[in-house]
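What follows is a short report on a single structure.
Each chain gets a letter, A, B and so on, in the order its sequence line appears, and its residues count up from 1.
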Amino acid sequence: AQKVTQAQTEISVVEKEDVTLDCVYETRDTTYYLFWYKQPPSGELVFLIRRNSFDEQNEISGRYSWNFQKSTSSFNFTITASQVVDSAVYFCALSGASGTYKYIFGTGTRLKVLA
Amino acid sequence: ETGVTQSPTHLIKTRGQQVTLRCSSQSGHNTVSWYQQALGQGPQFIFQYYREEENGRGNFPPRFSGLQFPNYSSELNVNALELDDSALYLCASSFASGREWGGELFFGEGSRLTVL
C-alpha cells in the first residue's frame with residue numbers, strides 16, 4: 001500500500017528563518033512520482049514541484065529547495081529566509097504508475113511565519 | 001490561477017439530500033479528478049475521468065458518482081448525503097497521453113459542502 005507521512009502538524013517560525021518540512025513515503029512501485037503542493041486559505045492547491053523516482057537530484061528554485069533521498073524514502077522541502085506570504089498548509093503527495101492521477105496525500109503541515 | 005473553476009463555492013444541504021458539484025477544466029486538459037478534503041486532512045481521491053469514462057476510483061461508495069462531458073467539464077454527484085460528507089471537494093485537471101500518468105494536477109479552489 002502507498003502512504004505519505006508528514007509528521008509535523010504545525011510549525012511556527014519568525015520571518016527570515018529557514019524551515020524544513022518533512023515528508024516520508026511508502027510504496028512498492030519502482031516508478032512513482034512525488035509532489036509538493038501549497039494550500040493557501042483560498043483552498044486551491046498550488047503545484048510546487050514534481051519528482052520522479054529515477055531522479056534523485058536535489059532542486060533549488062529561488063528560496064525553495066527539495067531533498068529527495070530514496071534510501072530513506074524521504075522528500076523534504078526547505079524554505080530559506082521565510083516570509084509571511086509563505087504561511088499556508090503544505091502537502092506532500094505520492095503517485096504511482098497506476099494509470100490514473102490518484103495522488104496519495106499526507107495530512108499536511110501548517111506553516112505559520114510570524115512577522 | 002490554474003484555469004480550473006468550480007461551482008458553487010459554498011453550499012449547505014441536509015442529511016439525505018442530493019448535491020451536484022461542477023468543474024470546468026483548464027483549456028487543453030482531458031482528464032478530471034475529484035478529491036474530498038475533510039477539515040484538517042489531506043485530500044482523498046474519489047475518482048478520475050479520462051475521455052468521458054471513469055478510469056479510477058478511490059474508497060468511496062457508489063452514491064458518489066460523476067460525469068465528464070465532451071468539453072471535458074465534469075460533475076460530481078453525491079446522493080443520500082451524510083454528515084460525514086461535509087468537506088471541501090476539489091476538482092483537478094491535467095492532460096494525459098494515456099501512456100504516462102505522472103504529470104502535475106491543476107486544482108480549482110473547491111466547493112465547500114456542509115451537511116446538517
Side-chain angles (χ1 to χ4, degrees), chain A residues 1-10 21 23-25 27 29-55 59 61 66 68 75 88-110, chain B residues 1-6 9-10 23 25-26 29-51 53-60 74 87-113:
Chain A
Q2 296 184 321
K3 185 178 179 181
V4 174
T5 301
Q6 294 181 255
Q8 304 151 308
T9 305
E10 184 170 314
L21 309 182
C23 173
V24 174
Y25 64 92
T27 182
D29 292 339
T30 53
T31 300
Y32 55 89
Y33 303 88
L34 294 164
F35 304 83
W36 276 94
Y37 279 84
K38 174 182 180 179
Q39 188 174 43
S42 63
E44 178 180 341
L45 284 162
V46 178
F47 168 79
L48 295 177
I49 190 171
R50 164 195 180 227
R51 262 289 175 265
N52 72 49
S53 51
F54 300 108
D55 182 4
E59 182 160 336
S61 175
W66 291 269
F68 176 28
F75 186 43
V89 181
Y90 291 86
F91 289 98
C92 180
L94 167 69
S95 175
S98 62
T100 72
Y101 280 113
K102 178 180 179 179
Y103 283 22
I104 306 298
F105 282 87
T107 51
T109 297
R110 180 177 297 278
Chain B
E1 293 190 1
T2 63
V4 178
T5 58
Q6 293 186 241
T9 54
H10 294 83
C23 172
S25 305
Q26 182 170 319
H29 286 178
N30 60 3
T31 303
V32 174
S33 305
W34 286 91
Y35 285 78
Q36 181 196 66
Q37 185 179 15
L39 198 62
Q41 300 296 315
Q44 290 200 327
F45 178 74
I46 302 175
F47 45 54
Q48 172 184 301
Y49 280 82
Y50 172 60
R51 294 182 176 175
E53 291 191 0
E54 182 182 303
N55 81 325
R57 189 175 185 94
N59 294 326
F60 282 82
S74 177
L88 180 68
Y89 288 85
L90 294 162
C91 170
S93 73
S94 190
F95 177 80
S97 65
R99 293 191 300 273
E100 203 262 352
W101 294 91
E104 59 265 34
L105 290 176
F106 296 84
F107 286 84
E109 292 190 352
S111 295
R112 186 165 297 281
L113 171 65

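For Ser74(B), the side chain to side chain donor-acceptor pair (under 3.5 Å) partners two or more places apart in sequence, or in a different chain, are Trp34(B). For the side chain to side chain donor-acceptor pair (under 3.5 Å) test, no residue two or more places apart in sequence or in another chain qualifies with Gln6(A).
Of the two parts of Leu90(B), only the side chain, counted from C-beta on, holds a non-hydrogen atom closer than 4.5 Å to a non-hydrogen atom of chain A. With a 4.5 angstrom heavy-atom cutoff, Tyr35(B) touches chain A only via side-chain atoms.
Distance check, rounded to the nearest 0.5 Å: CZ of Phe45(B) to CZ of Phe105(A) gives 11.0 Å.
Few gaps surround CD on Glu10(A); more than 12 heavy atoms of other groups in view lie less than 6.0 Å from it. Enclosure of atom CZ in Arg110(A) is not indicated, since only 12 or fewer non-hydrogen atoms of other residues, nucleotides or ligands lie within 6.0 angstrom. Few gaps surround CD on Gln39(A); more than 12 heavy atoms of other groups in view lie less than 6.0 Å from it.
Annotation for Gln37(B) and Phe91(A): closest pair NE2-CZ, 3.3 Å, computed over non-hydrogen atoms. Shown here for Leu105(B) and Phe47(A), the closest heavy-atom pair between the two residues is O-CB, 4.5 Å. When all heavy atoms are compared, the tightest approach of Phe35(A) to Glu104(B) is CE2-CA, 3.9 Å.
A distance-only check finds no donor-acceptor pair linking the side chain of Tyr103(A) to the backbone of Pro43(B) [under 3.5 Å].
When each of Gly56(B), Ser94(B), Gly110(B) is checked for heavy-atom pairs under 4.5 Å with chain A, Ser94(B) comes out on top. Ranked by non-hydrogen atom pairs under 4.5 Å with chain A, the options Arg112(B), Gln41(B), Gln44(B) are led by Gln41(B).
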